[in-house]
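Shown next, in structure tokens, is the structure this report addresses.
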There are 2 protein chains.
Amino acid sequence: MEKQIKIKPTESELEILQILWALGKATVRQVNDELSKTKEVGYTTTLKIMQIMFEKQLVSRTDEGRYHVYEAAVGEEPTQHMLLDKFIDSTFRGSATRMVMQALGNQQVSKEELEEIKKLIDSIEKGQ
Amino acid sequence: MEKQIKIKPTESELEILQILWALGKATVRQVNDELSKTKEVGYTTTLKIMQIMFEKQLVSRTDEGRYHVYEAAVGEEPTQHMLLDKFIDSTFRGSATRMVMQALGNQQVSKEELEEIKKLIDSIEKGQ
DNA sequence: TCTTATCTACGAAAATTTTCGTAATAAAAT
DNA sequence: ATTTTATTACGAAAATTTTCGTAGATAAGA
């Protein structure tokens, strides 16, 4: 089992984690290029945040020649899980159901996805 | 229709909004008493945050005699909706389905609630 | 070789959020 | 009337997060 000492990432840190989860491994340059697609951000800003993330153990890195190659050190699912718990607590007073119902009502969810969710519910109910 | 220029509340502000949504109207003292149930917080700290919220138009207030009575100026549902959208974007890369599935899998959701969600899905499917 | 470009480390500035101390004022209690 | 208590306004300190400038080192190019 992975260690679960989960530090809540800041918003900027989460953006970078998303990129690392998608890319697997990446240099600061690559991450900064990705970030630049959606917002203005200086290279050293990205570098600094990634250095802080390294100190917090949110990412690991290896020396490849002269530069560092980074990788997420926390899993995507466990992190999402932790953030989801906190979010449900703070925004929906702990009621996952209320949140799910609002998500289904408000978001664009396709017929296929709704079917998928129903199947999941069925399998949960069987499992209980 | 209400105005939808939604400022994202900070975490502290959201805590106070939750209390105001629950109580309807409340003085700073009352809000602070509620907050004190779960964490250590000074009266002037709560006061200050509520004053900032007043400036941001997150709350309204009326003079009752010598003190102020506060009320949420933003609705609970629209605020949750906005926060949910942002959360799905930042944490689940925009996929409501993925979030819902993780919420259902990870959280304690009762059989009754699962049934309720299934009914909701059915009614959405009929509506489409 | 010399210049230019790239990457890292470091520190500090800027921006945001949270906390709290102090003073003024008005009500309540003695 | 005097003291005590409770409330607000204000400002600034503290903490956190984000941004960026500069210097040093190494590689690449002329």
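Here the structure is a predicted model, which means the values were calculated and not measured. Hydrogens, waters and symmetry mates play no part in the numbers below; they use all other heavy atoms, side chains included. Naming convention: chains lettered A, B, ... in sequence-line order (proteins, then strands); numbering from 1 in each chain.
Rounded to an integer number of Å, the gap from CD of Q51(B) to C1' of dT18(C) is 14 Å. Look at CZ on R61(A): it is 15 Å from P on dC7(C), rounded to the nearest Å. Rounded to an integer number of Å, the gap from CD of E55(B) to P of dT8(D) is 15 Å. In this entry the distance linking CG of L35(A) with P of dC20(D) reads 13 Å, nearest Å. Distance E40(A) CD to dC20(D) C1': 13 Å, rounded to the nearest Å. Taking atom CD of E13(B) as the reference point, atom C1' of dT16(C) lies 11 Å away to the nearest angstrom. In this structure, the CG atom of L14(A) is 11 Å from the P atom of dT18(D), given to the nearest Å. Between the CE atom of M50(A) and the P atom of dT17(D) there is a distance of 18 Å, given to the nearest Å.
For the pairing with L14(B), the side-chain contact (heavy atoms from CB on, under 4.5 Å) check across L83(B), L58(B), I19(B) returns one residue only, L83(B). Each of I16(A), D33(A), L47(A), T44(A) was evaluated against V28(A); a single residue qualifies, L47(A), per the side-chain contact (heavy atoms from CB on, under 4.5 Å) test.
Residue side chain K48(A) does not reach the base of dG21(D) through any donor-acceptor N/O pair under 3.5 Å, judged by distance alone.
Between Y43(B) and the phosphate of dG21(C), there is no side-chain N or O to OP1/OP2 separation shorter than 4.0 Å. Of the side-chain N and O atoms in R29(A), one or more sit less than 4.0 angstrom from OP1 or OP2 of dC7(C).
Of the listed nucleotides (dT22(C), dC20(D), dA9(C)), dC20(D) has the atom at the smallest distance from the side chain of T45(A). With dT17(D), dT8(D), dC7(C) as the choices, the nucleotide that has an atom nearest any side-chain atom of T10(A) turns out to be dT17(D). For L47(A), whose side chain is taken as the heavy atoms from C-beta onward, the closest listed nucleotide among dA9(C), dC7(C), dT8(D) is dA9(C). Here dC7(C) is the nucleotide among dC7(C), dA9(C), dA9(D) with the atom lying nearest to any side-chain atom of Y67(A).
Among the atoms of the strands shown, only primed sugar atoms or phosphate atoms (P, OP1, OP2) are found under 4.0 Å from some heavy atom of V28(A). Among the heavy atoms of the strands lying under 4.0 Å from T44(B) is at least one base atom, whether or not backbone atoms are also near.
A donor-acceptor pair under 3.5 Å is absent between the side-chain atoms of E71(A) and the main chain of L20(A), judged by distance alone. Panel note: side chain Q57(A), backbone A73(A); no donor-acceptor pair is recorded below 3.5 Å.
Note on ring orientation: taking the six-membered ring where Trp is involved, the planes of F87(B) and F87(A) are parallel (angle under 30°, cut-offs 30° and 60°).
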